[in-house]
Amino acid sequence: MTASTAQTTMSDGTKGLVVRGLTTTFDTTRGLAIAAADVDFDVAPGEVVGLVGESGSGKSVTLRSIMRLIREPGKVSGRVEWGGRDLVAMPAEELRKVRGGEIAMIFQEPMTALNPVLPIGVQIEENLKAHTGLTGSQRRARALELMNIVGIPAAERRLDEYPHQFSGGMRQRAMIAIALACSPKLLLADEPTTALDVTIQDQILKLLLDLRDRLAMSVVLVTHDLGVVAATCDRMAVMYAGRIVETGTVAEVFARPHHPYTRGLLGSVPRSGHSRTMLQSIDGTPPSLTALPQGCAFHPRCSFATEICRTDRPPLDLIGAGRRVACHHHEEVAAAEPIL
Ligand code: SF4
């Protein structure tokens with residue numbers, strides 16, 4: 001389903017996920033680190049939105065902040081509306097019912113996210129026990145069904161096996177089975193295929209899309225891989241130094257990036273259908289989150305930068321339906337030679 005065909009409301013009349021002004025800070029010995037700042041985005045029911053950027057750009061922190069998984073001394077403010085409720089302000093008891101039930105998360109590293117001393121089947125059943133009224137035998141049957149849905153062979157036997165007996169790809173599938181146990185309406189996936197070889201990666205992504213279609217589930221997919229975004233996402237939000245700097249449909253952003261950072265990311269990956277050219281890299285490194293440059297945080301690395309960029313931070317302006325960019329010179333960037 002594309003962004004344009006995705007429904008904008010859920011069956012109960014509420015919107016999907018609405019994130020407004022989400023800000024996450026950490027008090028560190030080097031000062032206040034602003035890991036995510038004023039993050040705004042929406043995810044319609046059945047839509048897949050990619051959060052993209054380099055390491056430290058704020059993608060994973062944003063996902064964890066939505067789920068209130070930021071530990072002290074981290075602080076989260078802003079609004080995360082889901083089903084007409086604000087997850088940021090929700091009492092802990094109520095939030096526990098939402099987590100793992102309506103909203104599920106797949107973590108980046110399945111080996112550390114899975115409990116090493118519990119069989120996989122028990123870990124799936126734990127989620128069902130917390131969020132459904134199923135009996136023990138019904139939970140076991142559902143766990144088996146989930147193992148089959150995510151394509152784990154010999155599922156009946158493997159329900160009683162431990163994470164170390166699973167390969168990397170199978171562990172990732174097991175994580176997905178746990179996440180999907182209660183048929184969530186929203187899946188937050190943090191680099192779900194990073195550690196996997198391309199064949200397994202392809203299978204897992206196809207599986208997620210298939211499940212999205214079957215369960216009408218919304219997905220927020222965090223990745224640094226633009227190939228993954230092109231293959232799976234309807235819309236994308238590019239993050240830099242904790243802020244969203246560009247959003248739009250995947251087709252629009254890939255065809256005509258308006259932010260120099262997005263342009264740089266696109267120039268640094270091979271693209272099919274184009275003649276062989278040198279890949280470009282983005283000069284410099286991302287800034288420290290405790291010492292962000294004044295003005296636009298990207299200005300020390302930006303070939304389009306002018307004086308205003310060094311003093312005034314550009315707002316995330318609406319430049320078309322669902323299309324936003326934070327750049328003083330976005331028209332010039334969009335009109336620049338295309339990146340091949
Ligand atoms: Fe570059 Fe200026 Fe745009 Fe920032 S605002 S991305 S420095 S041109």
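When reading the values below, keep in mind they use all heavy atoms of this one structure, side chains included, and skip hydrogens, waters and symmetry mates. When a ligand or atom number is given, it counts from 1 through the structure's own listing order.
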*How close does the nearest protein non-hydrogen atom get to atom 5 (S) of ligand 1, and which residue and atom is it?*
His328 N, 3.3 Å

*Heteroatom test (N, O or S) for Cys309 near atom 2 (Fe) of ligand 1, limit 2.8 Å*: yes

*Can you list the ligand 1 atoms lying under 4.0 Å from a non-hydrogen atom of Ala305?*
7 (S)

*asked:* Could you check whether any side-chain N or O of His131 sits under 3.5 Å from a backbone N or O of Lys97, counting only pairs where one atom can act as donor and the other as acceptor?
replied: yes

*asked:* Does the plane of the ring in Phe298 sit parallel, tilted or perpendicular to the ring in His259? Use 30° and 60° as the thresholds.
replied: tilted

_Whether Arg323 and Glu246 form a salt bridge (side-chain N of Lys/Arg under 4.0 Å from carboxylate O of Asp/Glu) is what I want to check._
yes

*Using the side chain to side chain contact (heavy atoms under 4.5 Å, CB included) rule, take Arg263 and Val333 through it: C-alpha gap first, then chi angles, then the decisive distance, then the call.*
CA-CA 8 Å; Arg263 203 180 139 79; Val333 177; 3.8 Å; yes

*Does a salt bridge link Lys206 with Asp202, judged by any charged N lying under 4.0 Å from a carboxylate O?*
yes

*Within 45° of the axis and under 6.0 Å from the centre of the six-membered ring of Tyr261, does NZ or CZ of Arg301 qualify?*
no

*Between Ser55 and His224, is any side-chain donor less than 3.5 angstrom from a side-chain acceptor?*
no

*atom 1 (Fe) of ligand 1 to nearest N/O/S of Cys302 less than 2.8 Å*: yes

_Nearest protein heavy atom with distance in Å, relative to atom 4 (Fe) of ligand 1_ = Cys296 SG, 2.3 Å

*Proximal ligand 1 atoms for Pro260, defined as those under 4.0 Å from one of its heavy atoms*: 1 (Fe), 6 (S)

*Specify the protein heavy atom at minimum distance from atom 3 (Fe) of ligand 1: its residue, its atom name, and the distance to 0.1 Å.*
Cys327 SG, 2.3 Å

*asked:* Any carboxylate oxygen within less than 4.0 angstrom of a Lys/Arg side-chain nitrogen, looking at Arg20 and Asp86?
replied: no

*Using a strict 4.0 Å cut-off to heavy atoms of His329, name the atoms of ligand 1 that fall inside it.*
8 (S)

*asked:* One residue to check: His259. Relative to ligand 1, which of side chain, backbone, both or neither has a non-hydrogen atom less than 4.0 Å away?
replied: side chain

*Subset of ligand 1 atoms that lie under 4.0 Å from at least one heavy atom of His299*: 7 (S)

*Phe304: numbered ligand 1 atoms lying under 4.0 Å from its heavy atoms*: 8 (S)

